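These figures come from a predicted structure and were not determined experimentally.
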Number of protein chains: 2
Amino acid sequence: MRPIERYNSETAREYAMRAITENIISIDLEPGQLISENEIASFLGVSRTPVRESIQELNKAALIAIYPQRGSYVSLIDSKYVEEAVFLRKVLDIAVIEEACDLATPEDIAALEENVALQEFYLKSNNTKKIFELDNEFHRMIYVAAKKETIHNMRRTIMIHFDRVRTLSMLAVKDTKIVADHGIMLNAIKDKDKTKAKEIVEKHLDRYRVDQEELLKTYPQYFETN
Amino acid sequence: MRPIERYNSETAREYAMRAITENIISIDLEPGQLISENEIASFLGVSRTPVRESIQELNKAALIAIYPQRGSYVSLIDSKYVEEAVFLRKVLDIAVIEEACDLATPEDIAALEENVALQEFYLKSNNTKKIFELDNEFHRMIYVAAKKETIHNMRRTIMIHFDRVRTLSMLAVKDTKIVADHGIMLNAIKDKDKTKAKEIVEKHLDRYRVDQEELLKTYPQYFETN
DNA sequence: TAATACAAACTTGTATACAAGTCAAGAGAT
DNA sequence: ATCTCTTGACTTGTATACAAGTTTGTATTA
């Protein structure tokens, strides 16, 4: 487990949740790894309570398996969940961007434009981490513009299954293309052009195809055998 | 709060979660009502810990609002969330039943047939409660057949917002029509007819339209004022 | 009367103690 | 050597104690 800095503004519970989640996505908590509430609690410098609450939440999202009185494990990567994530993203992102075409206010569009400008800025300096953050934020903003923020929270939760695979594959999605896609999405929303919006979202999602066969060969111990 | 019987098989946490959720849906815990972890804990006969974990989870689903050191309240009915639930159900149910047309096994179909037969049985005895349970189970089985069980869990969570409105409106959806709809859905899946499936799901969902204006006039204290 | 101060009774957040179950290592008997 | 039993160190589940903050009612004072 990798240490994560705690913000002053967050409660112990929020910190524990963020730290554990980030470690699962980054595979610093490895699929299949045994974890202990006490161990994580002392590592993070908080008590069992906030750690336990976080683990319960991640258990509900099928990211941690709890065996009472025996132990808890980071869930192995299960193609079932990865495919559900891909399915959900495809169905929802399209429906939501179409909705955003109808509902986006000038303020929403201004915010999206600022985000894309920042993406272009960090593209020049090859700041992949920043672009990753802005990428997540961009998609969230579309959900907000479509008045679907709660749904976005659900999307984020299930997407962790996919993000984990992305980490393993060190998915070589060209940032250039991603940023360009976002610009096109933005224009589609500005033009209220649902057809174009749907088209570019589909193309965008297709960029993230992962060769699971390859990964399974490289990291067999991380995968659920079905 | 109405007492809920505890099953032998469930943990304190599962019991607390189920009891609180059922009370929120049935409006026995009223929108806007002040609740206390201690009060609920002693009412249910468990300690604060499992109650607290449940409240955290419901807080995440925007069904309970927590004000640290001040108190927690059952969330007022917010049309924002109700509309998100309706949107999600429409988008997902259609996509998922189409998927089920491709993926349903003979076993899945047999299970659906048994469920519909039971619905018809209870229709004769006007057992609305049983039909309600079988209804929920029927839709869940379609998600399972489409290999989208995780997504169904998310659907169920957000649907609580809608279920609460249904309770208030004592929505006079004719059970006869619901059961008939389910039979048609089942046939569409058996025939792998996506067009028919999509059509009947849309018609089915339209039966649940609620006149929010009316409700707002009758129960103004239950609604969020935006 | 009205304003202020204060104490008591609440709230949730966090830490810790205890209960109950699992599992593995090791002693001892066969 | 092998089987059996036991013990102890773990696990999570639950209960409780304490910390920190808010609110409310009630004195007390101007």
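In summary, the side chains of B:N115 and B:Q119 do present a donor paired with an acceptor at a separation below 3.5 Å, with no hydrogens or angles considered. Side-chain polar atoms of B:D108 and B:T105 form a donor-acceptor pair below 3.5 angstrom. Side chains of B:E84 and B:H161: no donor on one and acceptor on the other come within 3.5 Å. For the residue pair A:N38 / A:S36, no side-chain donor-acceptor distance below 3.5 Å is found, with atom types taken as modelled.
Taking five base pairs at each end of the helix from C:dT1-D:dA30 to C:dT30-D:dA1 and finding the rotation axis that steps the C1' atoms of four pairs onto the next four gives two axes whose angle is 30°, to the nearest 10°.
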Trace of the side-chain hydrogen bond (donor to acceptor under 3.5 Å, both in side chains) decision for B:D28 with B:S26
CA-CA 5 Å; B:D28 288 299; B:S26 65; 2.6 Å; yes

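In this structure, A:H152 has its ring center at least 6.0 angstrom away from the ring center of A:H139.
B:E83 has no carboxylate O lying under 4.0 Å from a charged side-chain N of A:K147, or vice versa, which leaves the two without a salt bridge. One finds a salt bridge joining A:E53 and B:R52 here, because a Lys/Arg side-chain nitrogen approaches an Asp/Glu carboxylate oxygen to under 4.0 Å.
Here B:E53 lies out of heavy-atom contact (under 4.0 Å) with every strand.
The OG1 atom of B:T128 lies 11.5 Å from the CG atom of B:D135; values are rounded to the nearest 0.5 Å.
For the segment residues 3-22 of chain B, no residue has any heavy atom less than 4.0 angstrom from an atom of DNA chain C. Contacts between residues 35-48 of chain B and DNA chain D, counted as heavy-atom distances below 4.0 Å, involve B:V46, B:S47, B:R48.
By the 6.0 Å and 45° rule, A:R89 stacks over the aromatic ring of A:Y208.
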